[in-house]
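Source: prediction; values computed, not measured. Naming: A, B, ... by sequence-line order, numbering from 1 per chain. Just the heavy atoms: all of them, side chains too, but no hydrogens, waters or symmetry mates, feed the values below.
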Protein chains: 2
Amino acid sequence: MDKKTVTIKDIARMLGISKSTVSRALSGRSDIHPETKQKIMALANDLHYEPNALAINLKQQKTNTIGVIVPETVNRFFARAVGGIQKVSDMAGVNVMICQSNESYISEKNNLHSLVSSRVDGLIVSISSETDRTDHFKPIFERGIPIVFFDRICEDVHASQVYTDNYEIAFEGTEHLITRGYRRIAFVAGPQHLFNSRNRLLGYLDALKKHNLPVKESYIIHSHYGSGKVEEYTRYLMQLPQRPDAVFAINDYAAIEMMHIMKKNGLKIPDDVAFLGFNNEDMCRFVEPPLSSIDHPAHDMGAAAAEILINQMRHPDLKPESRIIKSKLVIRESSGARLVL
Amino acid sequence: MDKKTVTIKDIARMLGISKSTVSRALSGRSDIHPETKQKIMALANDLHYEPNALAINLKQQKTNTIGVIVPETVNRFFARAVGGIQKVSDMAGVNVMICQSNESYISEKNNLHSLVSSRVDGLIVSISSETDRTDHFKPIFERGIPIVFFDRICEDVHASQVYTDNYEIAFEGTEHLITRGYRRIAFVAGPQHLFNSRNRLLGYLDALKKHNLPVKESYIIHSHYGSGKVEEYTRYLMQLPQRPDAVFAINDYAAIEMMHIMKKNGLKIPDDVAFLGFNNEDMCRFVEPPLSSIDHPAHDMGAAAAEILINQMRHPDLKPESRIIKSKLVIRESSGARLVL
DNA sequence: GTGAAAGCGCTAACAA
DNA sequence: TTGTTAGCGCTTTCAC
C-alpha cells in the first residue's frame, strides 16, 4: 500500500533532467523553459507530488510558521482569539500551529519546546493560569524568536504584548453597579499571579474606594479559572451574614452558573442580586435575565497579536510593541433594574 | 540579538568530539561513556540546545505527528473533540497539529496539503459543511497515510470512521416528543450532503411514520450550520398556518436562540412549543426553561479517533475500522411538561 | 566507546 | 536555460 512518496528526484529521473530544474519549475522561478516547466508541472500533478516541507524548511532556515499556545479552546474566548490569529495569518500567507496548555505549566513548557524544535518563526502565547514563572520563555525570546503575549501576558519578558484595559473596565463595571444602587458588591477574582486578574481586582477596589464603600475581604473570592467550584462559592456567598447584593465575576460561565443557583434558591435577579460577567459570550443574551458583561474583543486581540508578530518576523530589528485593546461594558437586565438610590 | 541556534555540531566542536557521539548522547543511546554523556548533557543544557525537529523528521522519514482538520473550534463540539484527541495523543507521546477549515472546502483542502507537506504520519478529519466531494482525500489515503474521519465522515473514502448513532438518536428524540404529546414537530436539518444530517433527518421521518404522523415539508428547515439565519427560520415557523408545537434542532445554539425569540413573542415553553437540541452544551442547563438535548460525546469521539489512528500508525497493515459511539437523550423541561394525550 | 561518511529532500550558488 | 555541487541538522551504518 505504502507507495513511496514522490520526490523531485523521481520527477527528474522520469523526465531525464536534473533535480534543480525540477525544483526551479516547482517553485515558480522564471528562468526556465516554458515547455520544460509545462512537462514538470504536468507530471508532478499526475503523481500527486507534495513538496516536503521538512526539507524546504530545513534548507531555508525558516518555516513561515507561527506557533500559538493558548490555555484551551473549549474556552470560547481563546477559540475566537485563535480565529483572529488565523484570519490575519491566512491573509499574510503564513502557517499557524496551535497548541493547548490545558492551563498546565508543564504542558505549556512542553508545547513551547515542541514549537521551538519545529523551528516556528515566531510565537503567540497566552499563558496558563498555573504559570507563575517565566524562565521557559526567556532563553527563547533572547535567542531572537519574536514572541507576542496576549491577554494573559508575561510581564517580565520584554516581548510584545496585546491586552485589554483591565483596570479601567473593571473600575467602570464596578462603578456601574454602584450607580445602580448596589452597595455590597462581591468580586470573583482570578489567580493573582496573572496580570489580568490583578488589574481587574485593582479596578474593583479603586471603584469602591472612590465611592467610599468598605472593602470586605469576605466579598472577594479567589477562584481559579474553570475550577468547577462555582456551586461552593455561591453557597458561601449566600450564607454570609450580609449577603452581597451584586456579583462581578471573572467570566460569564461563573456568573451564569451562580445566577442560576441563586435563582433556584429564590433570589430575584437583579432586585436581590445583580450580576456582571466577563467576556460577553453569546449565551449572555439568552439566559434569564440576560447577563450584563464586559465585551472582551477576543478576535481583535488575536488579530492584533498576529499582525504585530508577522511584522516582527519580517523586520527582525523592530522593537517589541504593546497594544491595548479597549473592552466595553454591555449592560443588560442582570444589572439593570434597581433604581438609583 | 539573533544568536545563532546551537546544533550538535557546535556542541561537538566545543567538546572536541564528533557529532555522532553528541547525537548518541542526546538521543539516549546506551553505548556511550557515562562521563562523555554527562558532559554533553550539561553543555546542551547550558546552551539551551533545542533539537531541530525538521532535521530529525526528515532523516527519520516520520514525524510522530498527527494532523487534525476540524471545521472550527469556536464550535465547542469540535473544541471538546480536539481535547479528546490531544489527551490520547499526549498519553501516547505523539504530537498534534490542529487546523481549522472554517467550514470552507477550499481551506480544508489547503489545510490538508499543508499537513501532508509537513509529513504528518496520520490524519483525523471532520469535513466542512461545504465539502460535498472527496477527491482531495483519496490520493492521500491511497498513498498509505492513515485517515480517521469522525462525526462528519466521508463515506466514499474507505478510511476509518468514528460517528454516532445519528439515525437512532434522532428517531428516539422525535419519538420522545411524540410520546409527550407533541404532534406538529418541526425539524431544523443540516446540509443533506452530510452523512450525519441525512441520517438524523431519516430518523426523524421514520419516527413520524411509525406513529402515523404526516410528514410536512413545511416543517423541515434545511439550514446550514452557523448560518445566522435562526431569526428568519423562527419567524417562518411562527407564521405557518399550523404553527409547529415542537422543534427538534440540529444544534443547541439554534434551539436556544429560537426558543428565546418564541418566548419573547409570548409563546410558552414547553406548553405551546417544546424544544429539543443537539450536542448538550453546558448552556442547556442554564437557559429558561432548561433545554433538552442529545448528548453528543465529543470528547469520547476525539479520543476514539486518536486511538484508532495511533494504532494504525504503529501497525500499518491494520484494516480501517469503524466505531459507533452512542449518544444519549437528555430530557429537561423544554420538552418535559406536556402530558401524554 | 567513538569517529567518518553517507544521505533524508530540497535550494542556491556557481558553472557550463 | 540547465546541470553540478554543497549543505541545512540530524541519524546511522560501518570501521576502528
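When the side-chain nitrogen and oxygen atoms of B:Thr36 are compared with OP1 and OP2 of C:dT2, one or more of them lie within a distance under 4.0 Å. Phosphate proximity of C:dC10 to A:Tyr49: present, with a side-chain N or O under 4.0 Å from OP1 or OP2.
At least one side-chain heavy atom of A:Ile56 sits under 4.5 Å from a side-chain heavy atom of A:Pro51. Taking 4.5 Å as the limit, every side-chain heavy atom of A:His48 sits out of range of all side-chain heavy atoms of A:Val6.
Residue-to-nucleotide proximity on DNA chain C shows that, of B:Ala55 and B:Asp31, the 5′-proximal contact is made by B:Asp31. Judged by closest nucleotide on DNA chain C, B:Ile32 is the one of B:Ile32 and A:Leu26 placed further toward the 5' end.
What separates CD of A:Gln60 from P of C:dT11 is a distance of 7 Å, to the nearest Å. Taking atom NZ of residue A:Lys19 and atom C1' of nucleotide C:dA12, one finds them 11 Å apart after rounding to whole Å. Rounded to a whole Å, the CG atom of B:Leu15 is 13 Å from the C1' atom of C:dT2. Rounding to whole angstrom units, NZ of residue B:Lys39 and C1' of C:dG1 are separated by 13 Å. Rounding to whole angstrom units, NZ of residue A:Lys62 and P of C:dC10 are separated by 17 Å. To the nearest angstrom, C1' of C:dT11 lies 16 Å from CG of A:Asn64.
With values rounded to the nearest 0.5 angstrom, A:Glu108 atom CD is found 9.5 Å from A:Ser129 atom OG.
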Return all side-chain donor-acceptor pairs below 3.5 angstrom for residues 94-101 of chain B, not counting sequence neighbours, or 'none' if the list is empty.
unit_1, atom_1, unit_2, atom_2, d
B:Gln100, OE1, B:Thr73, N, 3.0
B:Gln100, NE2, A:Gln86, OE1, 3.3
B:Gln100, NE2, B:Thr73, OG1, 3.4
B:Ser101, OG, B:Glu103, N, 3.3

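Using a 4.0 Å heavy-atom cutoff across all strands shown, B:Asn52 reaches sugar-phosphate atoms only and no base atom. Within 4.0 Å of A:Leu58, counting heavy atoms only, lies at least one base atom of the nucleic acid. Base contact: A:Ile8 has a heavy atom under 4.0 Å from a base atom. The residue A:Ile17 sits close only to the backbone: its heavy atoms come under 4.0 Å of sugar-phosphate atoms, none of a base. Residue-level contact check: A:Arg29 touches the backbone only, with heavy atoms under 4.0 Å from sugar-phosphate atoms and none from bases.
Taking a cutoff of 4.0 Å between a charged side-chain nitrogen and a carboxylate oxygen, A:Asp135 and A:Lys138 do not qualify as a salt bridge.
Bracketed by its first and final contacts, the part of DNA chain D lying under 4.0 Å from non-hydrogen atoms of chain A reaches from D:dT1 to D:dG9 in 5' to 3' order.
A donor-acceptor contact under 3.5 Å is formed by the side chain of B:Ser20 with the base of C:dA4.
For B:Lys59, counting side-chain heavy atoms from C-beta on, the closest listed nucleotide (C:dA6, C:dT2, C:dG9) is C:dA6.
Seen from the ring of B:Tyr105, B:Arg133 counts as a face-on cation partner, given the 6.0 Å and 45° thresholds.
No side-chain donor-acceptor contact under 3.5 Å links B:Ser126 to the backbone of B:Asp151.
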